[in-house]
Number of protein chains: 4
Amino acid sequence: MKAEKRKDLILACSKKLFAKQGFYRTQISDIIDEARIARGTIYQYFKNKEDIFVSLLEGAYAQWEQAVSQAVAAIDLKTIKPVDYFRLRIQTTLEFLLADPDICSIVLSMGFGLPEDLEKATRKLESKIRDIAVNDFMLGIHNNHVRKNINIDHAAEMIAGAAFRSAYYMQKKAKTGDRADIDTMTDEIVNLLAPGIFLPESLKL
Amino acid sequence: MKAEKRKDLILACSKKLFAKQGFYRTQISDIIDEARIARGTIYQYFKNKEDIFVSLLEGAYAQWEQAVSQAVAAIDLKTIKPVDYFRLRIQTTLEFLLADPDICSIVLSMGFGLPEDLEKATRKLESKIRDIAVNDFMLGIHNNHVRKNINIDHAAEMIAGAAFRSAYYMQKKAKTGDRADIDTMTDEIVNLLAPGIFLPESLKL
Amino acid sequence: MKAEKRKDLILACSKKLFAKQGFYRTQISDIIDEARIARGTIYQYFKNKEDIFVSLLEGAYAQWEQAVSQAVAAIDLKTIKPVDYFRLRIQTTLEFLLADPDICSIVLSMGFGLPEDLEKATRKLESKIRDIAVNDFMLGIHNNHVRKNINIDHAAEMIAGAAFRSAYYMQKKAKTGDRADIDTMTDEIVNLLAPGIFLPESLKL
Amino acid sequence: MKAEKRKDLILACSKKLFAKQGFYRTQISDIIDEARIARGTIYQYFKNKEDIFVSLLEGAYAQWEQAVSQAVAAIDLKTIKPVDYFRLRIQTTLEFLLADPDICSIVLSMGFGLPEDLEKATRKLESKIRDIAVNDFMLGIHNNHVRKNINIDHAAEMIAGAAFRSAYYMQKKAKTGDRADIDTMTDEIVNLLAPGIFLPESLKL
DNA sequence: AATGAATGAGTGTTCATTCAT
DNA sequence: CATGAATGAACACTCATTCAT
């Protein structure tokens, strides 16, 4: 149990540093200073610096999956209105991203200039968010709630972009991430995007 | 003139490499191999590696400003319809980003993990796009075309995100960046966002 | 007694590894993996890695001394013929080296690139073999069996070299080290060297 | 040309250090101190530490081949007596080993505990000497100069061992390596080994 | 102006040893 | 006694930058 604590400590400190300085500018020295551990200790828990990074993102990915499935479990899919379903998705995503703003920064800011493995890990979370949006769109079109001429992939891409950007915006504006802020932010996103997505009659429900 | 050629060569090669591999993974060795020049030559034209990066982005920024002012000069601000003005903005931005997909990659992907100076240079272009959106929104509200309860900053942030993401999406989908692709893409963005921005009567014009 | 077992286990595993990989490439991790003990346990029985190495060689040295004295005790020094005495020396040495091929590898292959202490321990066995050869030569000259113009030191050096090399050769050729192989090998060494050492009349005895 | 000088300097200093301390105890720091160059300079000429080692041995190997072919070119193979041919081989080998005592130390002392590549490079010279001995033996048997019941491989192994050991012995005894010393040493080796190799009538020639 | 050999501070990683449990 | 997590000095190697030619 102590060991797990240690590993988590390293992950927590690394996350903070990666978020602030990125992968390359974060040195092993920074991490051990932050975690107040010895140089060698890191290598008892992680194969190398890349391994820390990948572990971090995979942890975040697991948390995200749990958050999404919890959110869906809490609603009645039979009666929920399309726009409210959309709103819930946005809200869940924002909550998750703001609960872990460092991961949000890392995913947002880590670019193409990473070794293949890290790149892949970084994009996994993003692409999963996109995939869910794609699924929702297909269902919405099938149920006659979403306009038929929408380019699903492109729209999903833009919505993912808008969500991440909003989370980034909240951080930048030093929004606290509490319920009120998230609700306001969610409303703004929904107000901006819903009219372009849903058919008028669905919107009026 | 020979000298200017040389400088441009270095910039062109660096841009390509920065776009593909990022700032940190791109080594001076890569650049001199690509440009087929000697190691020391680089330092005749640039103070250091960061200087190349900043020059690159400032060049892109200058081009962007020119593109934007040209686009505005070409239209009649008196008669243009609000949505068409919006469409033009999106189109100009997409054209610019796709004319220089490497710069697009760099701006999109270079994250917080850069030295302060580079970070600033990277964000400059992005923030300028945002600023113009903010101005347009304020004008639109004043002229009663844009709904009044919009959060201008946040909306601008999301639109910038959507634009960059769309350009990234086009690259990924290997769209050629020719007129037809850009027009389609522009329509999709406008169709998604315009209903959430403009008042119904403006939209119908 | 349990403790002694443990110490022997560490020595046995270390010997195997040192023989295969040498001193520097053999890590403490390798030894504990091989011996299936905990990291710290090693330091309960040995001061450090060097101490294991020295213990190993000193054990081998003790065994060698015992083997040599046993062999001499078994013969009648009064009646044995000079060449047979030589043959016995070679045989005893080969038997010993092949009984413990790992030690043979270690002594043969561990070179000058060791810390002074280890170097000394490694050479002790070799030099002892040489010393005995020197003594034998002196006796042989005194008794008029060995040609007088022999350079004793040099000859002893070469004979030691030949003996070790033969043992190495046997290992390499996957000779089993059983009696028949050793006898053949002994004959070959004696046939090669004896004519150059002994006076013709001694040889004919 | 300057560059070649530099490479040779690094090789010379490394050779000295490898001979004295072995591969593992010789650090890059030692080499740069000895050669009075900067850390990075080494890596301009060699891929890594192992590459220096291998280059060293391959250089020695090339020199050895040249020495051997020169020696054979200088004699009349038709008229030379078998023992004199043997003596010439021994002399050539000793001359070579003593001309470069550090290489001699390295080959003699580097053991099995090296990475595969280094091991192979180290053994190459040794095995070449053995191969030549094997060839000579086969010729000698065919011409009825060498006794037929000799085990060629084993004898070659022992002769190689004796030769290297003799060179090592000369170094240890601080023999100067000049002609007189080499001649004496050669005679001693020939006197010790020739009677066990050649048939009596060949020896008397 | 152009070159590319030389530089050396800085980096991730290893591994023998220690010590609290 | 046995354990194995923790340690940190030591290591090979990198790479942006300099500077003599």
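Chain letters run A, B, ... following the sequence lines, proteins first, then strands; residues in each count from 1.
Under the side chain to side chain donor-acceptor pair (under 3.5 Å) criterion, Glu65(D) pairs with Tyr61(D), sequence neighbours left out. Residues passing the side-chain contact (heavy atoms from CB on, under 4.5 Å) test with Tyr43(D) are Ile28(D), sequence neighbours excluded. Gln63(B) pairs by the side-chain contact (heavy atoms from CB on, under 4.5 Å) definition with Phe96(B), Asp100(B), not counting sequence neighbours. In this structure, Asp33(A) has no side-chain contact (heavy atoms from CB on, under 4.5 Å) partners at least two apart in sequence or on a different chain. The side-chain contact (heavy atoms from CB on, under 4.5 Å) test applied to Gln44(B) returns no partner, not counting sequence neighbours.
Among the heavy atoms of the strands, none lies under 4.0 Å from Ile32(C). Note on Ile28(C): a base of the nucleic acid sits closer than 4.0 angstrom, heavy atoms only.
For residues 49-60 of chain B, no pair satisfies salt bridge (Lys or Arg N to Asp or Glu O under 4.0 Å), with sequence neighbours left out. The list of salt bridge (Lys or Arg N to Asp or Glu O under 4.0 Å) pairs with a residue in residues 34-46 of chain A, not counting sequence neighbours, reads Lys16(A)-Glu34(A).
The nearest whole Å value for the distance from the OH atom in Tyr24(D) to the P atom in dT14(E) is 15 Å. The separation between Arg25(B) atom CZ and dG12(E) atom P is 15 Å, rounded to whole Å. If you measure from atom CG of Asp51(A) to atom P of dT14(E), you get 12 Å, rounded to the nearest angstrom. One can place CD of Glu4(D) at 17 Å from P of dG4(E), the figure rounded to the nearest angstrom. Distance NZ (Lys5(B)) to P (dA2(E)): 14 Å, rounded to an integer number of Å. Note: CD1 (Ile31(A)) to C1' (dT13(E)) measures 13 Å, nearest angstrom.
Nearest approach of Asp30(D) to Arg25(D), heavy atoms of both residues: OD2-O, 3.5 Å. For Ile42(A) against Ile52(A), the heavy-atom pair with the smallest separation is CG2-CD1, 3.9 Å.
Where Arg36(B) and Arg36(D) each meet DNA chain E at their nearest nucleotide, the meeting point lying more 5' is that of Arg36(B). Take the nearest nucleotide of DNA chain F for Thr26(B) and for Arg39(A): the residue whose nucleotide is more 5' is Arg39(A). Closest-nucleotide positions on DNA chain F for Ser29(B) and Glu50(D) were compared, and the one nearer the 5' end corresponds to Glu50(D).
Between chain D and DNA chain F, the heavy-atom contact criterion of under 4.0 Å yields a 5' to 3' nucleotide range of dC11(F) to dC15(F).
Under the 4.0 Å criterion applied to side-chain N and carboxylate O atoms, Lys120(C) and Glu116(C) are not assigned as salt-bridge partners.
Sorted by residue number, the members of residues 41-49 of chain B with any non-hydrogen atom under 4.0 Å from DNA chain E read Thr41(B), Gln44(B), Tyr45(B).
Base-pairing analysis of DNA chain E finds the following stems of at least three consecutive Watson-Crick or G-U pairs, with both pairing distances under 3.5 Å: E:2-21 with F:2-21.
Looking at heavy atoms from C-beta onward, Thr26(B) lies out of side-chain contact with Ser14(B) at the 4.5 angstrom threshold.
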